[in-house]
Amino acid sequence: MTVPGRRSSTFIRLLRSGFTDPSAAARLLDADALASVRADPVLLDALGATADPDLALLGLVRLAEAQPPDELPGLLDTLVSAKPLRDRLLGVLGASEALGDHLARHPRDWQALVTYEAADLHPGLREFERGLADAHEPVALRVAYRRCLLSIAARDVCGTIDVADTAAELADLATATLRAALRIASAAAPGDAAACRLAVIAMGKCGGNELNYVSDVDVIFVGEAAHGHDEAKGIQAATRLASHLMRICSETTVEGTIWPVDANLRPEGRNGPLVRTLSSHLAYYQRWAKTWEFQALLKARAVAGDPGLGAEYIDAISPLVWQAAERENFVADVQKMRRRVVDNIPAAQVDRELKLGPGGLRDVEFAVQLLQLVHGRSDATLHSGSTLDALHALAAGGYVGRADAAQLNDAYRFLRAMEHRIQLYRLRRTHLVPEDENDLRRLGRSLGLRTEPVAELNKAWRRHASVVRRLHEKLFYRPLLDAVAQLTPGETRLSTRAAGQRLEALGYADPAAALRHLEALASGVTRKAAIQRTLLPVMLGWFADSADPDAGLLNFRKVSDALGKTPWYLRLLRDEGAAAENLARVLSAGRLAPDLLLRAPEAVALLGDPEGLQPRTHEALEQEVLAAVGRAENPEAAVAAARGVRRRELFRTTAADIIGSYGTEDRPAEEDHGALVDRVGGAVSDLTAATIAGALRAAVQSHFGDTLPTRFCVIGVGRFGGHELGYGSDADVLFVHEPREGVDEQEAAKAAQTVIAEMRRLLQLPTTDPPLLIDADLRPEGRSGPLVRTLASYAAYYRRWSLTWESQALLRAEPVAGDDELGRRFIDLIDPLRYPMEGLGEDAVREIRRLKARMESERMPRGADPTLHTKLGRGGLSDVEWTVQLMQMRHAWVEPGLRTTRTREALAAAHAAGLIRTEDAQILDEAWVLATRVRNAVMLVRGRAGDTFPSETRELAAVGRYLGYAEGTVGEMLDDYRRITRRARAVVDELFYGA
């Protein structure tokens with residue numbers, strides 16, 4: 001009898017081990033049959049590791065109680081001493097009530113799980129045939145079948161085999177069972193067996209070596225009269241054998257049923273003869289078969305009966321299968337069939353339907369089969385009946401992107417594993433996800449989800465189903481897009497309309513215009529058109545993933561027209577895995593990148609080079625620009641050459657930004673948005689510096705030859721000096737000069753003024769490129785002060801007149817072009833101003849706060865939403881930057897890490913110095929990065945700068961896609977922006993304003 005204290009501790013331990021009914025479990029553990037092992041901690045731990053510890057314990061007690069008395073000790077001793085057996089047996093008992101019932105009826109069958117040899121891990125058809133060899137009548141066959149099934153289930157639940165291996169073993173077991181059933185039927189009617197040749201052709205999942213635990217086994221029977229026998233009588237004999245085989249497998253006895261054998265996939269279905277001759281089959285398929293029948297034959301495999309006749313059948317029907325895609329309306333018929341399946345699901349079940357519903361297994365299978373049938377006409381590597389093998393072959397052949405294939409593979413495996421475990425519980429044919437909490441808990445735990453099994457299961461299921469549905473739409477209709485790409489004006493109006501409807505469904509707002517682009521790109525018999533016909537189905541799918549597919553397709557046509565006669569262009573897109581997708585993403589992401597590319601279409605080559613999207617160093621850019629300027633005949637040509645480099649490099653940067661934000665099949669989207677922002681800011685800033693250096697060189701050469709009478713340097717300030725320029729940013733600068741020895745100061749000043757005027761003229765020459773505006777308004781005295789000063793003049797001004805805001809502006813000052821030594825001396829001059837000894841006094845802090853508050857109230861555009869303005873709005877760029885700059889001016893004199901022009905670097909240094917809490921630093925950094933990305937996105941999408949989200953629907957959606965939001969979630973994007981910047985403003989109020 002159990003004492004109360006021990007019972008309480010046992011109760012707690014049972015709860016911790018995963019039992020949902022500890023009281024019932026405690027009573028079961030007290031069963032006499034478990035007396036010798038109930039106290040063994042190994043047993044309780046092993047039970048707790050199962051999918052359903054309560055079910056496993058109940059099954060174990062039933063098994064133990066069913067043992068002959070002299071065999072019970074052997075079971076229990078082996079159970080606690082042999083971990084492989086313990087895991088297998090308890091794993092099965094915890095996952096399958098039906099197999100627990102089988103073991104209770106056949107208590108010695110547990111011994112089938114004892115062996116753990118290498119051959120036992122992956123038994124094949126021959127091993128299963130040996131396991132069924134002693135079954136000479138139907139009931140014995142059922143028992144032997146369950147015994148074999150027990151071994152498969154044990155390997156499955158223990159993870160010894162994966163879901164594909166499980167399905168293949170189940171198909172092998174089904175094959176062995178069909179052979180055993182035919183053997184039994186032949187033994188019962190030896191005359192019939194002698195009078196005919198009968199081949200059993202497996203179809204469906206059995207034919208594809210991917211069977212479920214409980215499923216109809218689809219077959220087709222092919223018969224011939226034996227040599228010397230009458231044909232009619234031979235077919236009658238074959239029909240009797242086939243019928244008997246079906247009854248052996250399908251009928252219910254005291255041992256239950258094996259599975260129904262379904263022959264309804266035969267010609268004419270249930271209305272046609274059960275057995276036909278090979279010639280009769282061929283005559284039907286050649287004349288009467290419907291599209292779905294060829295799709296079904298894709299998985300046909302001879303499994304039992306006469307092997308020669310089976311091989312003849314497969315050889316005869318294979319060419320018909322791989323010609324089926326040439327049938328009229330083939331693709332539309334397959335798509336219609338899939339839609340019909342979904343439409344016929346009862347409304348109450350559609351959300352629980354794991355197999356047939358949207359995002360279910362059949363979505364994967366139909367997409368894969370359709371692609372196989374379309375492309376398998378010319379590619380024999382696709383001729384596989386297995387979904388996963390075919391998917392792998394499609395990816396290897398380039399018909400499906402590797403990332404899409406990997407996602408589909410993962411999703412299909414997960415959904416199949418769910419299906420397996422649902423069916424394994426009671427060995428019932430079902431594809432519905434259960435609703436009962438305990439059933440869901442068991443299902444989740446059986447899949448390795450142990451923390452919150454129900455919640456984790458539902459989350460994983462919905463995620464995988466969403467992936468399947470999205471990729472099904474993308475892949476399932478790709479063959480239609482292939483047909484659309486080959487449309488000619490002479491085709492029927494109906495087919496054009498159907499194609500237009502499909503394009504519209506994919507998100508094309510103007511299907512008629514899209515069709516015209518497709519015809520222009522892909523019609524004809526040239527090699528160019530042939531390659532386009534290969535590319536376009538994939539490209540159209542990538543365009544359809546964007547916010548503006550029409551713009552993507554139009555831009556692709558423009559680029560193709562511009563480069564159509566360039567031999568490397570289409571080869572690049574066809575042969576370089578990432579190039580075509582990179583191009584599609586770039587062309588459909590907005591206006592800026594396509595505009596740059598159309599003015600420099602040869603830059604497409606960057607998209608095919610693995611290193612092509614990496615930003616070039618400042619040194620490399622400046623060297624190229626200065627070399628181009630040196631070769632130019634006049635200053636206008638020089639600046640045009642510099643602009644050419646800028647155009648190409650801006651495209652490189654925008655393309656890398658878009659691809660880094662969106663991701664591609666070969667490369668997922670970057671998760672570190674801060675790194676992406678830093679890369680863009682650094683690349684644009686370096687490119688701007690190189691372009692200014694080129695303009696400076698051109699200006700000097702045009703007026704002074706090789707030597708300017710004064711040393712001259714351009715100092716970048718603001719975002720320029722901070723390496724944080726966006727695509728639409730002006731270049732804020734200061735100009736400093738110093739007369740060379742022997743040169744009059746007035747002459748030197750005049751020379752510097754001349755150079756600046758020429759630089760500005762050259763950079764402002766009319767162009768269709770994004771503008772590069774030099775802004776010198778942050779100089780001493782602002783617009784009222786001289787445009788350029790000597791170093792001594794700067795020193796005198798800063799010594800006598802410098803205001804706090806000017807010192808703050810100098811925080812991001814850095815030489816960007818011109819005389820390096822003069823630039824270093826300028827920095828030495830301003831360091832004491834921007835990093836003042838002893839920090840800032842309270843009067844200076846109040847002045848900075850007053851200026852910031854004034855800027856907020858006066859400079860916000862009228863009508864702008866302050867919660868969405870990226871620069872001046874709540875928690876935006878200005879808020880974060882002024883907060884960081886205040887910390888720099890207060891503490892940089894003692895914290896060297898704060899002596900940087902970069903905002904994020906300074907923020908990180910402030911955190912490292914303990915000046916800001918970790919959470920607050922993360923909040924400010926997140927807001928600054930997000931606001932910067934929004935500004936970049938607006939420029940990418942609209943082709944012109946903006947400080948707030950666009951109002952036009954497609955533009956707003958495109959900004960959302962750049963930021964990583966799915967279609968239809970722009971509201972969520974705006975809410976997230978407001979939430980993130982609201983939190984940042986709270987930190988600013990505390991740290992900057994001292995609230």
Side-chain angles (χ1 to χ4, degrees), residues 50-52 55 91-92 94-99 149 152-171 204-205 208-216 259 341-342 345 348-368 386-388 391 406-472:
T50 65
D52 188 337
L55 181 64
V92 168
S96 178
E97 181 181 81
L99 289 177
L149 193 66
I152 296 176
R155 288 188 293 278
D156 180 14
V157 298
C158 290
T160 306
I161 53 177
D162 66 11
V163 67
D165 292 331
T166 301
E169 288 191 14
L170 289 167
K205 283 187 162 57
N209 283 297
E210 50 188 16
L211 196 59
N212 300 333
Y213 275 103
V214 187
S215 173
D216 291 357
W259 20 250
V341 169
V342 175
I345 301 173
Q349 297 180 2
V350 69
D351 290 336
R352 297 167 51 217
E353 177 56 71
L354 192 63
K355 177 180 178 181
L356 304 177
L361 293 162
R362 196 52 65 82
D363 267 357
V364 181
E365 292 162 356
F366 262 64
V368 168
S386 163
T387 300
L388 291 177
L391 180 58
Q407 285 187 299
L408 274 182
N409 176 79
D410 292 346
Y412 188 74
R413 286 175 179 271
F414 183 84
L415 297 176
R416 283 301 304 273
M418 281 186 69
E419 181 185 47
H420 280 180
R421 302 302 165 79
I422 290 170
Q423 293 183 348
L424 182 59
Y425 175 47
R426 285 183 175 152
L427 289 181
R428 290 180 181 172
R429 182 175 181 268
T430 179
H431 311 289
L432 292 179
V433 178
E435 296 178 296
D436 180 78
E437 189 82 6
N438 289 332
D439 289 336
L440 290 170
R441 181 174 180 273
R442 179 192 317 107
L443 179 57
R445 284 172 60 90
S446 77
L447 296 171
L449 308 173
R450 297 301 174 95
T451 306
E452 293 288 343
V454 176
E456 292 175 61
L457 173 68
N458 282 321
K459 182 178 180 181
W461 172 31
R462 298 303 179 192
R463 174 170 56 84
H464 284 300
S466 175
V467 167
V468 167
R469 192 58 185 168
R470 176 176 62 83
L471 292 178
H472 170 80

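If you read the sequence from its start, that first residue is 1, and numbering goes on from there. Side chains included, hydrogens not; waters and symmetry mates left out as well; all remaining heavy atoms used.
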After noting the C-alpha distance and the side-chain angles of E365 and K205, does the key distance pass the salt bridge (Lys or Arg N to Asp or Glu O under 4.0 Å) rule? CA-CA 10 Å; E365 292 162 356; K205 283 187 162 57; 2.9 Å; yes

Any side-chain to backbone donor/acceptor pair from [X] onto [Y]? Under 3.5 Å, distance only.
| X | Y | value |
| --- | --- | --- |
| E456 | T451 | yes |
| E210 | T387 | yes |
| Q423 | T430 | yes |
| D156 | I152 | no |
| R450 | R445 | yes |

Which heavy atom of [X] sits nearest a heavy atom of [Y], and at what distance?
| X | Y | answer |
| --- | --- | --- |
| A411 | V468 | CB-CG2, 3.4 Å |
| L354 | E419 | CD2-N, 3.4 Å |
| G94 | L55 | O-CD2, 3.9 Å |
| A171 | N209 | CB-CA, 3.6 Å |
| V350 | P358 | CG2-CD, 3.9 Å |
| A417 | L447 | CB-CD2, 3.7 Å |

[Y] side chain reached by [X] side chain, heavy atoms, under 4.5 Å:
| X | Y | answer |
| --- | --- | --- |
| P434 | I422 | yes |
| D165 | R155 | no |
| Q407 | R470 | yes |
| L424 | L99 | yes |

One pair to check against side-chain contact (heavy atoms from CB on, under 4.5 Å): D439 and L443. What are the steps and the verdict? CA-CA 6 Å; D439 289 336; L443 179 57; over 6 Å; no

Quick check for you: to the nearest 0.5 Å, what is the distance between [X] atom [atom1] and [Y] atom [atom2]?
| X | Y | atom1 | atom2 | value |
| --- | --- | --- | --- | --- |
| L427 | E97 | CG | CD | 10.0 Å |
| H420 | L170 | NE2 | CG | 6.0 Å |
| L415 | H431 | CG | NE2 | 13.0 Å |
| W259 | L149 | CH2 | CG | 11.0 Å |
| R426 | S96 | CZ | OG | 10.5 Å |
| R442 | E437 | CZ | CD | 12.0 Å |

Might you work through the side-chain contact (heavy atoms from CB on, under 4.5 Å) test for V433 and D351, ending with a clear yes or no? CA-CA 9 Å; V433 178; D351 290 336; over 6 Å; no

For a side chain to side chain contact (heavy atoms under 4.5 Å, CB included) with H472, tell me which candidate from D363, L408, V467 qualifies. D363

Start with the C-alpha distance between T166 and Y213, add both sets of side-chain angles, then the distance that settles side-chain contact (heavy atoms from CB on, under 4.5 Å), and finish with yes or no. CA-CA 9 Å; T166 301; Y213 275 103; 3.7 Å; yes

Whether the N409 and R413 side chains hold a donor-acceptor pair (N or O, under 3.5 Å, no angle test) is what I'd like checked. yes

Are the charged groups of R352 and E435 less than 4.0 angstrom apart, N to O? yes

Carefully, step by step, assess D52 and Y425 under the rule side-chain hydrogen bond (donor to acceptor under 3.5 Å, both in side chains). CA-CA 10 Å; D52 188 337; Y425 175 47; 5.8 Å; no

More than 12 heavy atoms of other residues, nucleotides or ligands under 6.0 Å from CD of Q349: is that the case? yes

side-chain contact (heavy atoms from CB on, under 4.5 Å) between R362 and L356: does it pass, once the steps are laid out? CA-CA 5 Å; R362 196 52 65 82; L356 304 177; 4.1 Å; yes

